[in-house]
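Accompanying notes for the structure given below.
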Amino acid sequence: MPNVHVAIIGAGGVGKAFISQLAGYATRNPSASLATILISRSSKALVSRDYSPLNLNSWSQDLASAAATAPLAYPTEALEFLKAAPGPVILVDNTSDESLAKSYPLFLSNGIHIVTPNKKGFSSDIGLWKDIYAAAANGGNPKGGYVFHEATVGAGLPVLSTLKELVETGDKIEKIEGIFSGTMSFLFNSFAPLDGNNGGKGFAACVKEAQQLGYTEPDPRDDLNGLDVARKLTILARLSGLEVASPTSFPIQSLIPGPLESAKSADEFLEGLGAFDGDMTKIKEEAEAKGAVVRYVGSLNVETKEVKVGLQTFDKGSSIAGLKGSDNIISFYTERYGGNPLIVQGAGAGADVTAMGVLGDLIKVLQRL
Ligand code: NHO
């Protein structure tokens, strides 16, 4: 196998975990002959100008030292650097940068492979999705690089690979439904547990607890507005053959009360949220009166072309109601599996499991070189 060059952009929570897992993989598989040639944060970068491998054990200190330079400008400077590498290049985008995602078609059409947990490229405008796949080797361009983005849905869980395999083997997707947000999963499992007893906590207290435990985004409104789940549904819908125009082209139930939409900060929002506890308690109690629980779910129906994200009630005996902690659950209803869906379930958020999905994709690229 040729010397394979890895360029890592984004070294935050997922990026750090990825670098550590990559170092372990490279040690266990010396024959993979991997050389990391770029590690970049927004403000600083380590660039191996002679394409010799960067040290994956001291990268963090090196990035803080005089060895670090300004990040390469995207896309032109980065593209020139990567194109000149003496062998295949895998670009790992561990950011949530939309402008970088818009450059994927350019990188791919120049033969650079991309693996990423960044949802922006695959869940924004349908035009970008089409451009990415048209430029990619696994989208019909024999001269393009491969693109994989398993961790954009369900972190390290095999969600997209399962869906692709169902479709490629000729099964017909009828419906996909599930809990796609670790944050929302944790919130509703603690606000409306199966036994109905959450110790009297209101919804706002549960949101604060989820934030303190690090489950939510720094600003919990980014979870509660439903857009993260809508982006995941958009990706699943497109892979199922539905041309969803954008993640806001279908109904999304936001859990941000109208009067708090203009809150100036996360703190101001959280302070005001308690005043709306009664609304959520009413929804919870109505579900309980029917022997059910309320959960925040996403679903898509291929036949009716309906995609939606929001609150739904589930019978207490159902697999969705029985979920624990911050787990995700994704049920695939297909012609082959009938009414007894194929279910993927487990941790769907967190740096280590997300990084695992990204490294798994990098290994898929290595297997194709
Ligand atoms: P961080 O910690 O903010 O790190 C991003 C880093 O990228 C920052 O250090 C930033 O400075 C750097 N950066 C941004 N733009 C850059 C640029 N142009 N050049 C260089 N560096 C740049 O974010 P995370 O947590 O590490 O996330 C990284 C990516 O993984 C994001 O796209 C995120 O959406 C994606 N991701 C994360 C998770 C997770 O659990 N952390 C998941 C999936 C994908 O399955 C997970 C999930 O959906 C979580 C969700 N909130 C849920 O279900 O509750």
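Just follow the structure's listing: the first ligand is 1, and inside any ligand the first atom is 1. Predicted, not measured: the structure shown is a model, and the values here were computed from it.
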request  = Could you tell me whether Thr183 approaches ligand 1 through its side chain, its backbone, both or neither, with non-hydrogen atoms closer than 4.0 Å?
outcome  =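 For Thr183, the contact with ligand 1 is made by both the backbone and the side chain.
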Going by the atom numbers of ligand 1, which of them fall below 4.0 Å from some non-hydrogen atom of [X]?
{"X": "Tyr74", "value": "18 (N), 19 (N)"}
{"X": "Lys232", "value": "47 (C), 48 (O), 50 (C), 52 (C), 53 (O)"}
{"X": "Ala155", "value": "45 (O)"}
{"X": "Gly350", "value": "39 (C), 40 (O)"}
{"X": "Gly10", "value": "7 (O), 21 (N)"}
{"X": "Ile9", "value": "19 (N), 20 (C)"}

So which heavy atom in the protein is nearest [atom], and how far is it from that ligand atom?
{"atom": "atom 53 (O) of ligand 1", "value": "Gly182 N, 2.7 Å"}
{"atom": "atom 11 (O) of ligand 1", "value": "Ser42 OG, 2.7 Å"}
{"atom": "atom 46 (C) of ligand 1", "value": "Gly348 O, 3.5 Å"}
{"atom": "atom 5 (C) of ligand 1", "value": "Asn94 O, 3.7 Å"}

ask   = Any chance the rings of Phe188 and Phe314 have centres within less than 6.0 Å?
value =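 Ring centres of Phe314 and Phe188 not closer than 6.0 Å.
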task = Examine ligand 1 and decide if any of its atoms is less than 4.0 Å from a heavy atom belonging to Ser181.
result =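 Yes, Ser181 has heavy atoms under 4.0 Å from ligand 1.
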message = Tell me whether ligand 1 is touched by Ser40 - counting only heavy atoms on the residue side and a distance under 4.0 Å.
response =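 Contact check Ser40 vs ligand 1: positive.
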task = Write out all pairs satisfying ring-ring contact (aromatic ring centres under 6.0 Å, His included) with one or both partners inside residues 37-63, taking only residues at least two apart or from two chains.
result =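 Passing the test, one end in residues 37-63: Tyr51-Phe81.
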inquiry  = Using a 6.0 Å distance limit plus a 45 degree cone around the ring axis, check whether Lys364 lies over the aromatic ring of Phe148.
reply    =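 Lys364 over Phe148 ring: yes.
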message = Under 6.0 Å from the ring centre and within 45 degrees of the ring axis: does the NZ or CZ of Lys284 meet both conditions for the six-membered ring of Phe191?
response =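 Pair Lys284/Phe191 counts as cation-pi.
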key: Nearest option to atom 41 (N) of ligand 1, as decided by whichever heavy atom of Val14, Asp97, Val353 sits closest   =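 Among Val14, Asp97, Val353, the closest heavy atom to atom 41 (N) of ligand 1 comes from Val14.
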ask   = Taking NZ, NE, NH1 and NH2 as the nitrogens, is one of them in Lys290 or Glu286 under 4.0 Å from a carboxylate oxygen of the other?
value =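 Salt bridge flag = no for Glu286 with Lys290.
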request  = List in chain and number order the residues that pass side-chain contact (heavy atoms from CB on, under 4.5 Å) with Thr76, two or more places apart in sequence or in another chain; answer none if no residue qualifies.
outcome  =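 With neighbours one apart ignored, the set is empty.
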